[in-house]
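Nothing fancy with the numbering, it's 1 onward along the sequence. Side-chain atoms are counted along with the backbone in the values below, which use heavy atoms only and exclude waters and symmetry mates.
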Amino acid sequence: IENASHEMQTPLAIGINKLELLAGDDNLSREQTEKIGSIIEAFQHLSGLNKSLLLLSKIENKQFMSEEEVSFDEIFSKIIQDFSDYTEFQKIEITYLKEEDWAIRMNKDIAEILVMNVVKNAIVHNHAGGELIIRLASTCFTVENTSDKPMIPAYNLFQRFNKNSKSKGSTGLGLAIVKAISDLSGLSISYSYNNRHIFKVSEKLM
């Protein structure tokens, strides 16, 4: 899978680059430019899907073996800042409530991917003028978001290509990656609904 993904990524990148150059041609009609734009979007979606499948493959084959003491407070602070421009544009209010830092020994790269995917999911499935609440405690964190969508059936939420992921540009793999990282790192991920969608990542009970 890893070899195939690498082989696919290069021609996809070349194709996207050539189409973007072609779209800049002043001799093209508006209809032709729009058609090229739709092809670029399809290629970008395929590229994102390819990268996500490669990441899943690496996680499941335990290729992220190096571990260190990871601070979730540091990760949340960075990721909230990274998304700040988009959330300000969408008028989504982020509230970060830190009771205590959660420090855990795991691979830092996949810890950042774990947090980024949960936060990104809460932003993408939010609405303009919505709210996102992050709570961090010593052994867990929760991410809550408002949404126009009702409660989601939990039985297939973390499966690959989840059909509830219909947002433009979504690969349907974000929460599957979260689940794979949680399983690899000895963590638990759960979903509940209380007028907000709530995702909780915690240490597994022994």
Side-chain angles (χ1 to χ4, degrees), residues 44-45 48-49 51-52 55-56 59 64 68-154 157-158 162 164-185 187-204:
Q44 287 174 335
H45 177 74
L49 179 63
K51 288 177 181 177
S52 294
L55 177 60
L56 267 172
I59 292 167
F64 295 91
E68 60 186 281
E69 196 77 5
V70 175
S71 163
F72 277 108
D73 178 46
E74 289 181 10
I75 295 174
F76 273 115
S77 298
K78 178 181 180 298
I79 287 176
I80 290 169
Q81 181 60 40
D82 289 344
F83 279 115
S84 61
D85 288 342
Y86 182 78
T87 53
E88 285 175 16
F89 178 75
Q90 292 291 330
K91 294 182 172 57
I92 296 173
E93 182 182 352
I94 297 182
T95 302
Y96 180 39
L97 303 173
K98 175 190 167 186
E99 296 176 11
E100 194 174 342
D101 190 10
W102 181 15
I104 185 171
R105 189 164 184 81
M106 66 182 293
N107 182 275
K108 188 173 182 180
D109 291 333
I110 62 173
E112 290 177 349
I113 294 168
L114 169 70
V115 173
M116 183 181 69
N117 279 13
V118 176
V119 172
K120 183 179 178 182
N121 180 75
I123 292 172
V124 168
H125 295 285
N126 217 312
H127 56 72
E131 189 177 10
L132 193 159
I133 301 174
I134 298 166
R135 304 177 194 272
L136 179 63
S138 60
T139 59
C140 67
F141 69 77
T142 59
V143 177
E144 308 175 20
N145 66 282
T146 51
S147 175
D148 294 326
K149 298 177 182 177
M151 184 174 182
I152 303 167
L157 190 58
F158 300 103
N162 173 28
N164 289 309
S165 299
K166 295 180 179 179
S167 297
K168 189 175 181 180
S170 171
T171 62
L173 290 170
L175 291 178
I177 290 172
V178 168
K179 181 68 166 61
I181 293 172
S182 298
D183 290 344
L184 176 68
S185 306
L187 303 176
S188 174
I189 173 76
S190 62
Y191 165 79
S192 59
Y193 182 79
N194 185 15
N195 294 320
R196 289 189 177 95
H197 299 284
I198 306 168
F199 289 88
K200 181 178 181 179
V201 176
S202 60
E203 294 181 358
K204 282 185 178 177

Undergrad: What distance do Glu203 atom CD and Leu187 atom CG have between them, rounded to the nearest 0.5 Å?
TA: 7.5 Å

Undergrad: Please tabulate, for the side chains in residues 132-143, all donor-acceptor contacts under 3.5 angstrom to protein atoms that are two or more places apart in sequence or on a different chain.
TA:
from   : atom 1 : to     : atom 2 : distance (Å)
Arg135 : NE     : Glu144 : OE2    : 3.0

Undergrad: What's the separation between atom CG in Asn126 and atom NZ in Lys149, rounded to the nearest 0.5 Å?
TA: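 Those atoms lie 11.0 Å apart.
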
Undergrad: Measure the spacing between CD of Glu68 and CE of Met106 and express it to the nearest 0.5 Å.
TA: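 Atom-to-atom, Glu68:CD and Met106:CE are 10.5 Å apart.
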
Undergrad: Where do Ser185 and Ile110 come nearest, in terms of heavy atoms and distance?
TA: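 Shortest heavy-atom contact: OG-CD1, 3.8 Å.
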
Undergrad: Given 3.5 Å as the limit, does a donor-acceptor pair link the side chain of Thr87 with the main chain of Ser84, or not?
TA: yes

Undergrad: Do other residues, nucleotides or ligands put more than 12 heavy atoms under 6.0 Å from Gln81 CD?
TA: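 For Gln81, atom CD is not crowded (no more than 12 foreign heavy atoms under 6.0 Å).
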
Undergrad: Kindly indicate whether the side chain of His197, heavy atoms from C-beta on, has any atom under 4.5 Å from the side chain of His125.
TA: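 Result no, sub-4.5 Å side-chain heavy-atom pair not found.
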
Undergrad: Side chains of Ile123 and Val119, heavy atoms from C-beta outward: is any pair under 4.5 Å?
TA: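 Sidechains of Val119 and Ile123: in contact.
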
Undergrad: Applying the side chain to side chain contact (heavy atoms under 4.5 Å, CB included) criterion to Leu114, which one of Val201, Val70, Asp109 satisfies it?
TA: Val201

Undergrad: Ignoring hydrogens, what is the shortest heavy-atom contact between Ala111 and Ile75? Give both atom names and the distance.
TA: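 Looking at all heavy atoms of both residues, the closest pair is CB-CD1, 3.8 Å.
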
Undergrad: For His127 and Ile92, which heavy atoms make the closest approach, and how far apart are they?
TA: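 Closest approach of His127 to Ile92, heavy atoms only: O-CG1, 3.7 Å.
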
Undergrad: If you take all heavy atoms of Lys204 and Asp183, which pair is closest and at what distance?
TA: NZ-OD1, 4.3 Å

Undergrad: Show the nearest heavy-atom pair for residues Met116 and Ile79, with the distance to one decimal.
TA: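 Between these two residues, the closest heavy atoms are N-CD1, 3.5 Å.
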
Undergrad: Less than 4.5 Å apart, side chain to side chain, heavy atoms only: is that true for Asn107 and Leu184?
TA: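 The answer is no, as the side chains (C-beta and beyond) never meet within the 4.5 Å cut-off.
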
Undergrad: With rounding to the nearest 0.5 angstrom, report the NZ to CD1 distance, Lys179 to Ile189.
TA: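 Between atom NZ of Lys179 and atom CD1 of Ile189 there are 9.5 Å.
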
Undergrad: Let me confirm one number: the CG-CD1 distance from Asp101 to Ile104, rounded to the nearest 0.5 Å.
TA: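 Result: 11.5 Å between the selected atoms.
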
Undergrad: Rounded to the nearest 0.5 Å, what separates atom OG in Ser77 from atom NZ in Lys98?
TA: 7.5 Å

Undergrad: Taking ring-ring contact (aromatic ring centres under 6.0 Å, His included) as the test, write out the residues that go with Tyr86, two or more places apart.
TA: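 For Tyr86 there are no ring-ring contact (aromatic ring centres under 6.0 Å, His included) partners, ignoring immediate neighbours.
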
Undergrad: Could you tell me if the side chain of Ile113 sits less than 4.5 Å from the side chain of Ile59, heavy atoms only?
TA: no

Undergrad: Determine whether Leu175 and Tyr191 make a side-chain contact, defined as any pair of heavy atoms from C-beta on separated by less than 4.5 Å.
TA: no

Undergrad: Kindly state each residue pair satisfying ring-ring contact (aromatic ring centres under 6.0 Å, His included) with at least one member in residues 92-118, sequence neighbours excluded.
TA: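 Those involving residues 92-118 are Phe72-Trp102, Phe76-Tyr96.
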
Undergrad: Does Asn117 reach the main-chain N or O of Val178 with its side chain, forming a donor-acceptor pair under 3.5 Å?
TA: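 The answer is no, because no donor-acceptor pair under 3.5 Å joins these two groups.
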
